[in-house]
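Reading through the C-alpha cells given below for one structure.
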2 protein chains.
Amino acid sequence: MINQQKYFLGVDGGGSKCRVLLTNELGEALGEGISGPANPNQGLDQAINSILSATEQALKQADLPSHCIDKIHAGVGLAGVNLPKYRRMLEQWDHPFAQMHITTDLEIACLGAHDGEDGAVIISGTGSVGMVCNKGTQHAFGGYGFSVGDQGSGAWIGHQAVIQCLLALDGLRPRSELVDKLLSFTQCADTQQLAEKMANLPPSAYARLAPLVIAQAESQKDAIALDILMSAADYINQLSRKLLSFHPPRLAMIGGLAEPIRSWLAEDVKPHIQEAIHSPEVGAILYIKQKSVISENV
Amino acid sequence: MINQQKYFLGVDGGGSKCRVLLTNELGEALGEGISGPANPNQGLDQAINSILSATEQALKQADLPSHCIDKIHAGVGLAGVNLPKYRRMLEQWDHPFAQMHITTDLEIACLGAHDGEDGAVIISGTGSVGMVCNKGTQHAFGGYGFSVGDQGSGAWIGHQAVIQCLLALDGLRPRSELVDKLLSFTQCADTQQLAEKMANLPPSAYARLAPLVIAQAESQKDAIALDILMSAADYINQLSRKLLSFHPPRLAMIGGLAEPIRSWLAEDVKPHIQEAIHSPEVGAILYIKQKSVISENV
C-alpha cells in the first residue's frame with residue numbers, strides 16, 4: 001500500500017541548535033527532532049546536515065520510514081538567511097523534500113507567536129532582534145550580531161558584566177557584590193586573570209554570565225547588576241516602542257531573556273507584551289502552508 | 001682598531017610597529033629603526049624578528065657594522081609582556097646583545113614621559129591604559145584590550161560610532177550627520193551593509209573611524225559624535241583621577257588620541273595633563289641604564 005499522506009515540517013534553525021516539528025495534514029504533531037547549529041554563516045554543509053538529522057529523528061519518532069521525506073512540505077526558518085548570499089546558497093540546495101520554502105528564523109517566530117496573524121515579536125536570547133508583520137509589510141530592527149549590536153541580549157548582559165567589573169576592580173566605579181560573584185563563577189583570582197580569561201569569547205560564553213547578573217539585580221539590588229539590567233531594558237523598551245509604532249495587533253517576546261527582562265521594562269511598554277501562541281517550529285509550518293496556498297493559486 | 005664603544009638601544013614594541021633608538025654612552029642619537037609588530041602575543045618569532053630588523057636599520061643609519069650588536073645594551077619595552085607567560089618567553093631568548101632587560105611598553109612610556117623621574121602616564125591610541133610610578137611603587141589601570149576594555153581609545157570611539165549609527169538607522173535614537181558620514185566613509189549603502197561590513201573587525205580598523213567622530217564632534221556639534229566623545233572623555237577623566245590619587249609629580253598623555261581628547265576632559269583634570277618629555281624609546285634607554293646601574297651595584 002502506498003502512503004499517499006502529505007506531511008508538514010517546521011524547521012527553526014539557529015546558531016546553536018536546530019529544532020523541527022513534523023505534523024500530518026490535520027496539524028497533528030507526529031514527531032520532533034533536535035540537532036546542532038543550522039546558521040549557514042557558520043557553514044552550509046553543517047546547516048544542511050543539522051536540518052536532515054533533525055528531520056530523520058522526527059520521522060523515526062513518527063514511525064515513518066526515511067523515504068517518506070519526499071512527502072514532506074518543509075517550512076525552514078534559519079538564522080543568517082537575512083543575508084541574501086546565504087539565502088541563495090540554501091535555495092540552491094537540491095533538497096529531498098516534496099517542497100521547501102526558506103525564510104528567516106525571525107519571520108517564523110513572528111508567525112508562530114501570533115498563530116499566523118499580524119503581530120510583532122522580540123527575540124531576546126543569546127542575541128536580540130525585533131520584527132513587525134502588519135498589513136502585508138514586514139520591518140526588522142536590530143539583529144546585527146554581538147560585535148556591533150544585540151543590546152539587551154544574554155551575551156550583551158554577560159559582556160557588560162565583565163567590562164563593568166573590570167572598571168570596578170580598577171577602582172574606576174564603585175564595587176558591588178557582582179565583582180566577587182563573577183570572579184568566583186569564572187574561577188579567576190584577580191583582575192588580570194579575569195581580563196585574560198574573559199576576552200574574545202564567543203557570544204554564548206558571555207550569555208552564560210547573564211543569569212548571575214539577573215540574580216544579583218533581583219535579589220541583592222546590586223548596583224552594577226542593576227545598571228546593566230536597566231540599560232538592557234532600555235534597549236528593549238526602545239525596540240518595543242518602535243515595533244508598537246506600526247500598531248501591530250499583538251507584541252510577543254520570546255527567547256531565554258524574555259521572561260527575566262520583562263519585569264524591568266518601562267510602564268508604557270510592559271502591558272503590551274503578550275505570550276507567544278505557538279513555537280517558531282509551528283510558525284515554520286504556518287509559513288509553508290501559506291506558501292503552498294500561494295503556489296496552488298498561482 | 002677595536003671598537004670599545006658601548007651603545008644603548010631603546011625598543012618600543014607594540015601590536016602594529018616596533019621603534020628603536022640607538023645612542024652612544026653620552027646619550028647622543030646615532031640611528032633609528034622602525035619595523036613590524038613586536039607584541040609576543042601575536043607570535044614570539046615575529047616579535048624577535050621585528051626587534052632585530054629595527055636594530056639592524058639603526059646600526060646601518062649609525063654607520064656601524066652588524067656585529068656591533070654585541071656592544072648594545074638594550075632596554076626593551078613591549079606590549080603583551082604584562083602577561084607573565086610572554087615575559088618569560090622573551091627572557092629565554094638567546095639574544096645577541098651585550099645585555100637586555102625587558103619590561104612593558106607602558107613602563108618605558110612612563111619613564112620617557114617624565115625623563116626617568118616619578119610620574120603618571122595615560123596612553124590613548126588604538127587602545128588605552130594608565131600607569132603611575134611613584135616612590136618606588138607602580139600601579140597600572142586598564143589596558144585589558146579591545147574586547148573587554150580600552151574605553152576612550154581610538155578603537156573604542158570608532159566601534160561606538162558603528163553601534164550608535166546602527167541604533168540611529170533603526171530609529172532607536174535620533175539620527176545625526178555622523179550616520180551619513182559613516183555610511184559614505186565605509187562605502188555602505190544601507191544598515192544591513194554597514195552591519196555586515198563593520199562587524200568583527202580588528203581594533204585598528206575601528207580606530208580608523210575615530211578621526212571622523214572627532215571631526216563631527218568638533219566642527220558640527222553632531223549629537224551622536226558628542227555623546228561618544230563625552231563618554232570617552234569620561235573614562236579618561238576617571239582614569240586620570242585614579243592616577244592623580246597617588247600624587248605623582250606629573251601626569252602625561254601620549255598616543256594618537258591624546259591631543260584630540262584633551263579638550264574634552266573635565267575642568268578638574270585638564271590642568272594636570274602635561275607634555276611627555278621624551279618618547280618611549282628614550283624611556284627604554286633610561287630603563288636599561290637604571291638596570292645597568294643596579295647590576296653594577298649588586
Side-chain angles (χ1 to χ4, degrees), chain A residues 41 80 82-86 128-130 139-152 156 158-174 182 191-203 205-206 234-243 245-246, chain B residues 41 80 82-86 128-130 139-152 156 158-174 182 191-203 205-206 234-243 245-246:
Chain A
N41 304 11
N82 51 324
L83 309 185
K85 177 179 158 191
Y86 295 106
S128 69
V129 65
H139 302 274
F141 303 94
Y144 303 125
F146 176 66
S147 161
V148 293
D150 283 9
Q151 291 91 338
W156 187 90
H159 186 232
Q160 282 297 315
V162 176
I163 293 173
Q164 297 303 322
C165 287
L166 284 171
L167 289 176
L169 283 161
D170 268 353
L172 302 190
R173 68 165 293 166
L182 185 68
T191 315
Q192 198 64 40
Q193 270 190 20
L194 186 70
E196 279 180 52
K197 199 168 181 177
M198 301 311 290
N200 302 309
L201 299 182
Y206 292 115
D234 189 48
Y235 176 76
I236 304 294
N237 286 333
Q238 292 296 100
L239 188 56
S240 301
R241 290 182 193 121
K242 188 73 197 175
L243 296 171
S245 73
F246 291 86
Chain B
N41 305 12
N82 51 324
L83 309 184
K85 176 178 156 192
Y86 294 107
S128 70
V129 65
H139 302 274
F141 302 95
Y144 304 124
F146 175 66
S147 161
V148 292
D150 282 11
Q151 291 90 338
W156 187 88
H159 186 233
Q160 283 297 316
V162 176
I163 293 173
Q164 297 304 320
C165 286
L166 284 172
L167 289 176
L169 283 161
D170 268 353
L172 302 190
R173 69 165 291 168
L182 184 68
T191 314
Q192 199 63 43
Q193 270 191 19
L194 186 69
E196 279 181 53
K197 197 167 182 176
M198 301 312 290
N200 303 307
L201 299 181
Y206 292 115
D234 189 49
Y235 176 77
I236 303 294
N237 286 334
Q238 292 296 101
L239 188 57
S240 302
R241 289 182 193 121
K242 188 74 198 173
L243 296 171
S245 74
F246 292 85

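Throughout, a chain's letter reflects where its sequence line sits, starting with A, and its residues are numbered from 1.
Around NZ of Lys85(B), the count of heavy atoms belonging to other residues, nucleotides or ligands within 6.0 Å does not exceed 12.
Going from atom CG of Asp170(A) over to atom NE2 of His139(B) covers 12.0 Å, rounded to the nearest 0.5 Å.
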Stepwise side-chain contact (heavy atoms from CB on, under 4.5 Å) check, Thr191(B) with Phe141(A): CA-CA 10 Å; Thr191(B) 314; Phe141(A) 303 94; over 6 Å; no

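The side-chain contact (heavy atoms from CB on, under 4.5 Å) search around Gln192(A) returns Asp190(A), Glu196(A), Asn82(B), Leu83(B), Tyr144(B), not counting sequence neighbours.
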Can you list, pair by pair, the side-chain donor-acceptor contacts under 3.5 Å of residues 234-243 of chain A, counting residues two or more places apart and other chains?
from, atom 1, to, atom 2, distance (Å)
Asn237(A), OD1, Ala266(A), N, 3.0
Asn237(A), ND2, Ala233(A), O, 3.2
Gln238(A), OE1, Arg241(A), NH1, 2.9
Gln238(A), NE2, Leu172(B), O, 3.0
Ser240(A), OG, Ile236(A), O, 2.7
Arg241(A), NE, Asp268(A), OD2, 2.8
Arg241(A), NH2, Asp268(A), OD1, 3.0

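Proximity to chain A (any heavy atom under 4.5 Å) is shown, for Gln160(B), by neither the backbone nor the side chain.
Chain B forms the most heavy-atom pairs under 4.5 Å with one residue out of His159(A), Met198(A), Arg173(A), and that residue is His159(A).
Residue Ala199(B) comes nearest to Val148(A) through the heavy atom pair CA-CG1, 4.1 Å, listed as atom of the first residue, atom of the second, then distance.
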